[in-house]
Amino acid sequence: GIGGGGDAATELRCWKRSVEMADGGFGYTELVTVAVGGLDRPAARVQRKYRPSNGGIDGLEIVKTYRVFEGVVSDLPTSTCKTRIRLDRM
């Protein structure tokens, strides 16, 4: 599992989710922790935004990970990953 948990079960836990409508599209943000064997590991903030474009849908996903220490999520991210998504009609 993630975080060296060996045989321990790995679980994603969504703490908070919000949905927003803007710029002719929509998006949402989720705050997630990775629990290994019942212990919370690094948290992640997942932001996704979608909007219609010529012949399809454009999307952007930003994932930032944060350290969790004694149940408190740090203010500064430990990593950031941005992904552009393009859905086209076939």
Side-chain angles (χ1 to χ4, degrees):
I2 296 173
D7 292 331
T10 301
E11 174 183 3
L12 295 177
R13 296 180 182 169
C14 183
W15 283 5
K16 183 179 177 182
R17 179 179 293 139
S18 62
V19 178
E20 59 187 57
M21 304 295 287
D23 299 327
F26 71 97
Y28 61 92
T29 301
E30 295 176 327
L31 181 59
V32 177
T33 60
V34 179
V36 179
L39 299 174
D40 285 340
R41 299 291 185 195
R45 173 171 289 143
V46 180
Q47 296 174 289
R48 292 187 181 112
K49 297 180 182 182
Y50 301 97
R51 67 174 182 212
S53 63
N54 295 335
I57 298 173
D58 287 332
L60 175 65
E61 177 183 76
I62 301 171
V63 179
K64 294 181 180 180
T65 59
Y66 298 85
R67 181 177 172 191
V68 177
F69 183 70
E70 295 182 357
V72 178
V73 178
S74 67
D75 292 335
L76 299 174
T78 56
S79 69
T80 301
C81 179
K82 295 181 181 180
T83 305
R84 294 184 71 152
I85 302 166
R86 172 73 182 165
L87 303 173
D88 289 315
R89 293 183 185 169
M90 301 291 288

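Everything numeric here is computed off the predicted structure, so don't read it as measured data.
Residue Ile57 holds its CD1 atom at 8.5 Å from CZ of Arg89, rounded to the nearest 0.5 Å. Interatomic distance, CD1 of Ile85 versus CG of Asp58, reported as 10.0 Å (0.5 Å rounding). Note: Ser53 OG to Leu87 CG = 9.0 Å, rounded to the nearest 0.5 Å. Taking NZ from Lys82 and NZ from Lys64, the interatomic distance works out to 7.5 Å, rounded to the nearest 0.5 Å.
In this structure, the side chain of Thr78 engages the main chain of Thr65 through a donor-acceptor pair within 3.5 Å.
When all heavy atoms are compared, the tightest approach of Gly56 to Arg86 is N-NH2, 4.0 Å. Residues Pro52 and Gly24 come closest through the heavy atom pair CD-O, 3.2 Å.
The number of heavy-atom neighbours closer than 6.0 Å to CZ of Arg84, taken from other residues, nucleotides and ligands shown, is 12 or below. The neighbour count for Asp75 CG, taken as heavy atoms of other residues, nucleotides or ligands under 6.0 Å away, does not exceed 12.
Two residues are said to be in side-chain contact when any heavy atoms from C-beta on lie closer than 4.5 Å; Pro77 and Arg45 fail this criterion.
In terms of hydrophobic clustering, with Ile, Leu, Val, Met, Phe, Trp and Tyr side chains grouped at heavy-atom distances under 4.5 Å, Ile62 and Tyr50 are assigned to different clusters. No path of Ile, Leu, Val, Met, Phe, Trp and Tyr side chains, each step under 4.5 Å between heavy atoms, connects Val19 with Val63, placing them in separate hydrophobic clusters. With hydrophobic clusters built from ILVMFWY side chains whose heavy atoms lie under 4.5 angstrom apart, Val32 does not share a cluster with Tyr28.
When each of Gln47, Arg17, Lys16 is paired with Glu30, the side chain to side chain donor-acceptor pair (under 3.5 Å) condition holds for Arg17 and for no other.
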